[in-house]
Asker: 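Just dropping this structure here.
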Amino acid sequence: MSTSHKNNLNTDQSRAVKHLGGPLLVLAGAGSGKTRIITERISNLISEHNVRPFNILAVTFTNKAANEMKERVYRLAQKEAKNVWIGTFHSTCLRILKRDINKLDGYNRNFIIYDDGDQLKLIKDCMGRLNIGDKLVSPKSARSQIDGAKNKTIGPNDPELREYDKHVQRIYSLYEEELRKSNALDFGDLLHLTVKLLEKNPDVLESYQNQFQYILVDEYQDTNHVQYKIVEMLSRKHRNIFVVGDDNQSIYGWRGADIKNILNFEKDFTDAKIIKLEQNYRSTQTILDAANKLITHNKNRHEKNLHTKNDVGDLINYYEASDDRDEAKHISSQIVNLKKTSDYTYKDIAVFFRTNTQSRLIEEELLQKSIPYKMVGGTEFYKRKEIKDILAFLKVVVNPSDEISLKRIINVPPRGIGNVTINNIDEITRDRGVSFYEAIQIALKEKSISNSVLIKIDRLNKLLTKLIEFPEKDDIVGLINHVLHKTKYLDMLEKEEERRENIGEIINLAVEFQKEREEPTLNDFLDSVSLASDLDNYSENSDQVTLMTLHSAKGLEFPVVFIVGMEENLLPHFNSTINGQVEEERRLFYVGITRAKEKVYLAGAARRMVFGKQQGSIPSRFISELPEELINLETRKFEGSYQSKKAKRSSTITTSIPTRNYQDTGRYKVGQKIVHSAFGEGLIKKVEGSGDDAKVTIFFPSVGGHKKIIASYLEN
DNA sequence: CTGGACAAGCTTTTT
DNA sequence: GCTTGTCCAG
């Protein structure tokens, strides 16, 4: 069986698959058969070396990758393969915590997971209580700093936290306290607490070390410090740690991914071996040459030389559109063309962009031409208001101490409980040190609120009690219907067809969940929903064009790839140009190009709508970093526009000067970069007035937001 | 307390 | 251009 597969492996691939003991790093270039190596190795361990599936752990980054791996492994290594632990870092940690989290002080197994929206709300609440205005730290910035700390396994009381913003320190402490009171974990906790659990409980650590004789990690270049730590601890005993990655595809630096993990693998794991997979089986010679040339502009990387035996193939098309509408029209008509002149089906085609907002126009144009498409990601299903509402009810049923969820639904559908009442209950919460739910009972018992409100609270409390005491909680579908019935939620959505359909969809998901699991529980359902994303349900079956961000494109391949928005400040994104993260943007573009098997179409626009205003732009520096002879330039619309020529051939452009919307105060211009004594580098977004009195709106990455500053204060 | 009107901020990228 | 938050009349 598996021998027949091994026959088509090249020497390096085969060495990797057959590698048995000790740490191994497989540096796998784009399209070199990375996923295949992992799955074949798992099947090889099971069938050739009698390793029990239960003793293998395989970790990926996305559910999509995990599901794909499961499928492939099940196909290769028959039924008992179901016992291999395959999952994302987050789901694996969840599994570990669900078993043993009660061994950590103050935690119990009934916890629920807060997504980033819940997280932000809680942070805002905390900031409100601490009287920290969002001008001092923006809630989002606070969140990313807290996440960052957790990614480095720094807790709210660790001395290392002293290096953080002093406001953030206080927010972090209170935030943690509130999470515990709500019996909730955020995404970061799943990883951070797993490390804590393993560190504080040698017996737990040992049992997992014994279990996981073989550990495989996909996309190792994207691991951050906690993830490294988890892998390192678990593999310490058997030392059979097998990681696969490509430093050229590291695109999650912003989430704490540390490229050093892959660059220093040999140092971290003594007598580590390295195997390089340099043969690409995916792309044409032309595509590969272009990608190789592009990536040489990065300094920070392992030397790799990707080659292929594939045909030369077509040139890379590059279209300079006059504006974003023109760009979208071009894409859609190219797709129509492809359909007419070739055998490509819609599902062979993908369109990638840097930011989700870019999809709108493209969707419009595809719709216009009746081209079927599916948008992956974007406004995610699970983030929709009605879905979050229903889930909030379910979360409260599982865990009444969940304050964020309880507050979410306290007045949904409207039942006359407003901010004043919420604040009153909040006061009880703080005075008595009880949960919000308990505070409601106290208010009722002591009648500490005015009579008219008390009636409403009483009604709410009875509703909650009924839900919490629902006899068959693990009949998830039944419970959802019960919630809908008792709250008359659907009546509220009378005129909102789409939202009602979404409610139907969540019921479908629950039905499916109950069918799939042997012992479906409400709690597991909520967990799986919390860790799920739109990407997971993405299937290649239907014949539709795929639209997605460059980030979501990683790990996929398509015969035809369009990449749009090839402009400075979009790709590379302007935040990155200011923060000196252009190399990561280049890798992102590299990921995009290398998804393509046969054809690559690039496009950029000379003008584009940004924040509802027209903005001029110049071509991305990355265009000029591709070999000129491999590019087929279709039209040149940047020609008439400002600085076009200079931009095309220079690779050091750092500012864009809009052709429209151009405002001149003499010294300050929109698009100009400046350095501020307190906030560091920033980009001017808006200028009002002129001379010393001019108000200049500047985006500072250091504070993660905009500041309005009077021109005369900008002098130094 | 509610709902509508208006203002502000916002857009990287995801588990 | 869209979504979220805030203010005010009813």
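Chain naming here is simple, since letters A, B, ... match the order of the sequence lines and numbering starts at 1 in each.
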Asker: Hey, which sits more toward the 5' end of DNA chain B by its nearest nucleotide, G188(A) or R415(A)?
Answerer: R415(A)
Asker: Using the ring of Y382(A) (Phe, Tyr or Trp, six-membered ring only), decide whether K388(A) places NZ or CZ under 6.0 Å from its centre and within 45 degrees of its axis.
Answerer: no
Asker: Of the residues in residues 112-130 of chain A, which ones touch DNA chain B at a heavy-atom distance under 4.0 Å?
Answerer: D116(A)
Asker: Side-chain N or O of S530(A) versus OP1/OP2 of dT15(B): is the shortest distance under 4.0 Å?
Answerer: no
Asker: Which nucleotide, dT14(B), dG3(B), dT11(B), lies nearest any side-chain atom of N575(A)?
Answerer: dT11(B)
Asker: Using the P atoms only, state how far dT13(B) lies from dT4(C), rounded to an integer number of Å.
Answerer: 15 Å
Asker: Can you tell me if NZ on K152(A) sees more than 12 non-hydrogen neighbours from other groups inside 6.0 Å?
Answerer: no
Asker: Looking at the side chain of T421(A), which of dT13(B), dC1(B), dT15(B) is the nearest nucleotide?
Answerer: dC1(B)
Asker: For W254(A) and dT13(B), is the gap between ring centres under 5.5 Å while the planes differ by less than 30°?
Answerer: yes
Asker: Which side-chain N or O atoms in residues 453-464 of chain A pair as donor and acceptor under 3.5 Å with protein atoms at least two apart or in another chain?
Answerer:
residue: D458(A); atom: OD2; partner: K462(A); partner atom: NZ; Å: 2.8
residue: N461(A); atom: OD1; partner: Q441(A); partner atom: NE2; Å: 3.2

Asker: Pairing donors with acceptors under 3.5 angstrom, does anything connect the side chains of Y114(A) and D402(A)?
Answerer: yes
Asker: What is the separation between atom CG on L190(A) and atom P on dT14(B), rounded to the nearest whole Å?
Answerer: 19 Å
Asker: Which of these nucleotides, dT11(B), dT14(B), dT2(B), is closest to any side-chain atom of T357(A)?
Answerer: dT11(B)
Asker: Between dT13(B) and N356(A), is there an OP1 or OP2 to side-chain N/O distance shorter than 4.0 Å?
Answerer: yes
Asker: R255(A) side chain: which of dT15(B), dT11(B), dT13(B) is closest?
Answerer: dT15(B)
Asker: Using a cut-off of 4.0 Å on non-hydrogen atoms, how would the nucleic acid contact of G612(A) be classed: base, sugar-phosphate, or nothing?
Answerer: base
Asker: I want to verify a distance call: between dT15(B), dT14(B), dC10(B), whose nearest atom is closest to the F611(A) side chain?
Answerer: dC10(B)
Asker: Considering only heavy atoms of chain A and a distance under 4.0 Å, specify the first and last nucleotide of DNA chain C in 5' to 3' order that meet this criterion.
Answerer: dG1(C) to dG5(C)
Asker: Over how many whole Å does the gap from R143(A) atom CZ to dC10(B) atom P extend?
Answerer: 12 Å
Asker: Which sits closer to the 5' end of DNA chain B, V420(A) or E585(A), going by the nucleotide each is nearest to?
Answerer: V420(A)
Asker: Give the nucleotide from the list dT15(B), dT14(B), dG3(B) with an atom nearest to the side chain of P414(A).
Answerer: dG3(B)
Asker: Mind checking if F89(A) touches a base, just sugar-phosphate, or nothing, with heavy atoms under 4.0 Å?
Answerer: nothing
Asker: Would you mind telling me which of dT2(B), dT14(B), dT15(B) lies closest to the side-chain atoms of T88(A)?
Answerer: dT15(B)
Asker: What heavy-atom pair brings D527(A) and F111(A) nearest, and what distance separates the two atoms?
Answerer: OD1-O, 4.4 Å
Asker: Please find the pair of heavy atoms, one from S617(A) and one from E567(A), that lie closest to each other, and give the distance.
Answerer: OG-OE1, 3.4 Å
Asker: Cationic tip of R586(A) within the cone over F589(A)'s six-membered ring, i.e. under 6.0 Å and within 45° of the normal?
Answerer: no
